[in-house]
**Q** 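Take this structure, written in structure tokens, and hold onto it; I'll ask about it next.
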Amino acid sequence: MKAFDAHAREMPRSTARTAAASALAWAAFVLAGCGGGGGGGGGGGLPIFLPPTTTPPAADNDAIVASSTVAGLCAAPRGGTNPETGAAYPDKAGMLTDEKRWVRGWIDETYLWYGEVPATLKAADYATPVAYFSVLKSPAVTASGRAKDRFHYVYDTERYRQLSQNGVSPGYGMEFAFVRNSRPRDLRIAFTEPGSPAASAGIARGAKVLEVDGVDVINGTNTTVINRGISPAAIGESHTFKLQEGTATRTVTLAAASVTRTPVQNVKTIDTASGRVGYLLFNDHITTSEAQLIDAVNQLKAGSGIQDLVLDMRYNGGGQLNIASRLAYMASAPAATDGKTFERLVFNDKNPFHLTPAQTIIPFYGTSRTGTALPRLGLSQVTVLVGPDTCSASESVINSLRGVDVKVNLVGGATCGKPYGFSPQDNCGTSYFAIQFQGVNAKNFGDYGDGFPADCAVADDFDHALGDPAEARLAAALAIRTGGACPASASAKTAPGLEKSGTSEEQPYLLNRTPLREIRLLEAAPSPS
């Protein structure tokens with residue numbers, strides 16, 4: 001599978017005709033470790049599928065070759081039919097040496113910062129292609145000292161295909177969020193999916209996880225058991241959770257199911273003294289969200305309409321740029337976005353996908369995939385609820401609206417900082433994700449590697465349901481919607497100190513996130529040379 005992972009948008013039809021039949025995707029990897037860091041880094045949360053070890057690579061295999069010359073030469077070739085294409089897999093018998101040489105060539109051809117990859121790295125020092133890939137990246141840091149490239153990772157190709165197309169993954173239908181990830185830990189339920197095992201068990205936002213399979217989450221040291229429980233790998237896998245809900249505790253056993261996400265939830269209008277405000281919770285820029293967003297906008301337009309929109313993307317890690325573009329179009333007025341650039345993609349100086357300048361432009365899409373005209377709210381300002389899990393395509397919505405002078409108020413915490421994208425590329429059953437471009441708005445701005453700071457800092461409020469006007473972030477948004485100052489009580493309220501890959505954070509972050517939760521996808525991608 002091939003896809004550009006940065007922001008998700010459709011490419012011009014001229015590009016699509018010349019592109020490989022694949023999806024462009026933009027993703028960031030969040031570490032799902034417990035007690036050892038999480039979010040924003042590489043590492044242990046997402047399943048990584050390693051080919052079996054064969055003969056170690058020879059010392060002379062560090063010469064960079066064209067990736068096309070060794071593509072599909074696999075230590076463990078796949079048989080059968082690729083469900084995405086309907087054709088046989090292209091795999092042929094090869095060695096891990098071939099897979100490593102493919103990885104190195106592909107990085108040299110397409111990686112945005114290929115010139116910053118250390119030249120001293122030797123393939124023979126790494127047992128697998130995945131281990132070798134993990135170090136083939138820029139060692140540079142941002143202004144704040146964070147790693148510039150925190151988004152380098154891999155995923156099983158077939159599982160990624162199912163996730164990106166259908167939003168289906170094994171799980172309980174509840175999102176875990178650490179309010180504190182070092183002992184004494186504080187692990188909460190951020191939200192649940194309708195109809196999921198968690199929802200059926202009556203588990204709701206705010207529940208505190210005390211134990212997983214009998215292991216103490218707050219002060220326990222057996223993080224292997226904790227991680228296994230919160231990140232089920234297979235449907236039917238069962239784990240037991242001791243939960244604190246208010247002042248009561250209970251123990252519940254959940255079996256992982258094939259959970260389909262409901263990306264748009266809690267659509268409502270809220271009457272305020274200064275006018276009617278629309279609210280919607282938007283968690284995933286996946287294909288199924290398009291129709292749900294259209295329905296939500298039509299619902300908000302009904303009756304007397306709304307004067308402002310509160311878009312809750314605090315847990316939205318991104319997805320397809322074409323969804324982000326359509327959402328921004330539907331929220332805004334024609335004068336702001338019609339004929340304007342939503343986002344422009346900037347590649348390395350090799351122009352690896354041979355795009356013309358016009359083909360790097362993502363417009364504000366005014367029609368659905370089926371060609372139907374999109375409804376519009378016609379707003380000149382939007383308030384977005386954000387935090388460190390607001391990433392990638394979600395940040396594109398913010399940046400691109402600001403690029404055409406739509407006022408965007410941010411309430412919550414700083415966003416994750418992912419103005420970059422990549423084309424996940426399958427080789428031998430593993431999809432590799434490496435940064436290949438940067439997205440900039442109509443004003444050519446895209447330097448937010450440390451995220452967008454909140455205009456009004458408000459801690460995540462687990463004591464109220466999402467969409468409840470009394471929930472701290474939504475309450476602050478409603479209070480400032482007419483341009484007033486951030487409520488003192490809100491800005492003064494801070495969350496417990498969080499630790500994310502060794503740094504201090506002010507907001508909770510999610511665990512157990514698939515690539516679908518931190519990506520920007522493009523619908524078509526040309527093949528690199």
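Just so it is clear, the structure is predicted and the values come from calculations on it, not from any experiment.
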**Q** Could you go through Leu300 and Leu280, starting from their C-alpha distance and side-chain angles, then the distance that decides it, and tell me whether this counts as side-chain contact (heavy atoms from CB on, under 4.5 Å)?
**A** CA-CA 9 Å; Leu300 295 175; Leu280 66 88; 4.2 Å; yes
**Q** Apply side-chain hydrogen bond (donor to acceptor under 3.5 Å, both in side chains) to residues Glu395 and Thr415 and explain how you reach the verdict.
**A** CA-CA 7 Å; Glu395 291 174 299; Thr415 64; 2.7 Å; yes
**Q** Could you walk me through whether Met330 and Ile294 pass the side-chain contact (heavy atoms from CB on, under 4.5 Å) check?
**A** CA-CA 8 Å; Met330 288 190 287; Ile294 292 172; 4.0 Å; yes
**Q** So, the side chain of Asn316 versus the backbone of Ser394: is there a donor-acceptor pair under 3.5 Å, distance only?
**A**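 Absent.
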**Q** With a 3.5 Å cut-off and no angle check, do the side chains of Arg376 and Thr337 form a donor-acceptor pair?
**A**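 Yes, Thr337 and Arg376 have a side-chain donor paired with an acceptor closer than 3.5 Å.
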**Q** Thinking salt bridges, do Asp460 and Arg314 make one under a 4.0 Å N-O criterion?
**A**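 Looking at Asp460 and Arg314, the cut-off is met.
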**Q** Does the Asn283 side chain pair with the main chain of Val264, one donor and one acceptor, at a distance under 3.5 Å?
**A**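 Side chain of Asn283 to backbone of Val264, a donor-acceptor pair under 3.5 Å: no, none is there.
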**Q** For the pair Arg205 and Glu175, find out whether any cationic side-chain nitrogen is under 4.0 Å from an anionic carboxylate oxygen.
**A**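 Between Glu175 and Arg205 there is no salt bridge, as every charged N stays at least 4.0 Å from the carboxylate O atoms.
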**Q** Less than 4.0 angstrom from a charged side-chain N to a carboxylate O is my criterion; do Arg276 and Asp308 meet it?
**A**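 Looking at Asp308 together with Arg276, the answer is no, because their closest N to O distance does not fall below 4.0 Å.
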**Q** Under the side-chain contact (heavy atoms from CB on, under 4.5 Å) criterion, do Gln438 and Leu112 qualify, and how do the steps go?
**A** CA-CA 8 Å; Gln438 180 175 4; Leu112 182 61; 4.3 Å; yes
**Q** Quick check for you: to the nearest 0.5 Å, what is the distance between Phe282 atom CZ and Leu293 atom CG?
**A**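 Reported to 0.5 Å precision, the distance equals 4.5 Å.
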**Q** Would Val277 and Thr269 count as a side-chain contact (heavy atoms from CB on, under 4.5 Å) here? Give the steps.
**A** CA-CA 6 Å; Val277 177; Thr269 56; over 6 Å; no
**Q** Answer whether the closest heavy-atom distance between the side chains of Thr372 and Leu374 falls below 4.5 Å.
**A**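 Contact flag for Thr372/Leu374 side chains = no.
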**Q** Checking side-chain polar atoms at under 3.5 Å, does Ser182 have a donor or acceptor matched by the opposite partner on Arg180?
**A**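 Yes, a side-chain donor-acceptor pair sits under 3.5 Å.
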**Q** Would you call Asp455 and Arg402 a salt bridge, using N to O less than 4.0 angstrom?
**A**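 Between Arg402 and Asp455 there is a salt bridge, with a charged N closer than 4.0 Å to a carboxylate O.
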**Q** Whether the Asn444 and Arg344 side chains hold a donor-acceptor pair (N or O, under 3.5 Å, no angle test) is what I'd like checked.
**A**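 Checked: Asn444/Arg344 side chains pair up, N/O donor to acceptor below 3.5 Å.
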**Q** Can you spot which of Thr390, Val386, Leu281 makes a side-chain contact (heavy atoms from CB on, under 4.5 Å) with Asp312?
**A**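 Checked Thr390, Val386, Leu281 against Asp312; only one passes side-chain contact (heavy atoms from CB on, under 4.5 Å): Leu281.
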**Q** Between Gln436 and Phe347 (side chain of the first, backbone of the second, donor and acceptor by atom type, cut-off under 3.5 Å), is there such a pair?
**A**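 No: the side chain of Gln436 does not pair with the backbone of Phe347.
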**Q** How many angstroms lie between CG in Asp461 and CG in Leu474, if you round to the nearest 0.5 Å?
**A**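 Nearest 0.5 Å value for the CG-CG distance: 10.0 Å.
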**Q** How long is the gap from OG1 on Thr383 to CG on Leu410, to the nearest 0.5 Å?
**A**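 These two atoms lie 9.0 Å from each other.
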**Q** Could you grab the distance from atom CG of Asp338 to atom CZ of Phe364, nearest 0.5 Å is fine?
**A**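 If I round to the nearest 0.5 Å, the distance is 10.0 Å.
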**Q** Distance-only, no hydrogens or angles: does the Arg250 side chain make a donor-acceptor pair with backbone N or O of Lys242 under 3.5 Å?
**A**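 Not confirmed, Arg250 side chain does not pair with Lys242 backbone.
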**Q** Is the distance between the ring centroids of Tyr315 and Phe191 less than 6.0 Å?
**A**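 Centroid distance Tyr315-Phe191: below 6.0 Å, so yes.
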**Q** Using modelled atom types and a 3.5 Å cut-off, is there a donor and acceptor pairing between side-chain atoms of Tyr155 and backbone atoms of Tyr160?
**A**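 A pair under 3.5 Å: no.
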**Q** Rounded at 0.5 Å granularity, tell me how far NZ in Lys418 sits from CG in Asp149.
**A**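 So the NZ of Lys418 and the CG of Asp149 are separated by 9.0 Å.
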**Q** Please work out which of the three classes, parallel, tilted or perpendicular, describes the rings of Tyr172 and His239, given edges at 30° and 60°.
**A**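 Geometry flag for Tyr172 against His239: perpendicular rings.
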**Q** For Leu309, does its backbone N or O pair with a side-chain atom of Arg481 as donor and acceptor, under 3.5 Å?
**A**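 Looks like no, no N/O pair under 3.5 Å.
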**Q** About how many Å separate CG of Leu379 and OG of Ser332, when rounded to the nearest 0.5 Å?
**A**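 Here the rounded value is 8.5 Å.
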**Q** Could you tell me if Arg188 sits above the aromatic ring of Phe176, with its cationic atom closer than 6.0 Å to the ring centre and no more than 45 degrees from the axis?
**A**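 Verdict for Phe176: no cation-pi partner in Arg188.
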**Q** Say whether, by atom type as modelled, one donor and one acceptor occur between the side chain of Asp186 and the main chain of Ile218 under 3.5 angstrom.
**A**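 Checked: no pair found.
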**Q** Decide side-chain hydrogen bond (donor to acceptor under 3.5 Å, both in side chains) for Thr142 and Arg150; before the verdict, give the C-alpha distance in whole Å, the side-chain angles of both, and the deciding distance to 0.1 Å.
**A** CA-CA 11 Å; Thr142 67; Arg150 308 181 301 279; 5.3 Å; no
**Q** With distance as the sole test, does Asp284 use its side chain to make a donor-acceptor pair with the main-chain N or O of Ile286 at under 3.5 Å?
**A**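 Here the side-chain-to-backbone pair does not exist.
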**Q** Does Glu290 pair with Arg369 as a salt bridge, N-O distance under 4.0 Å?
**A**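 Yes.
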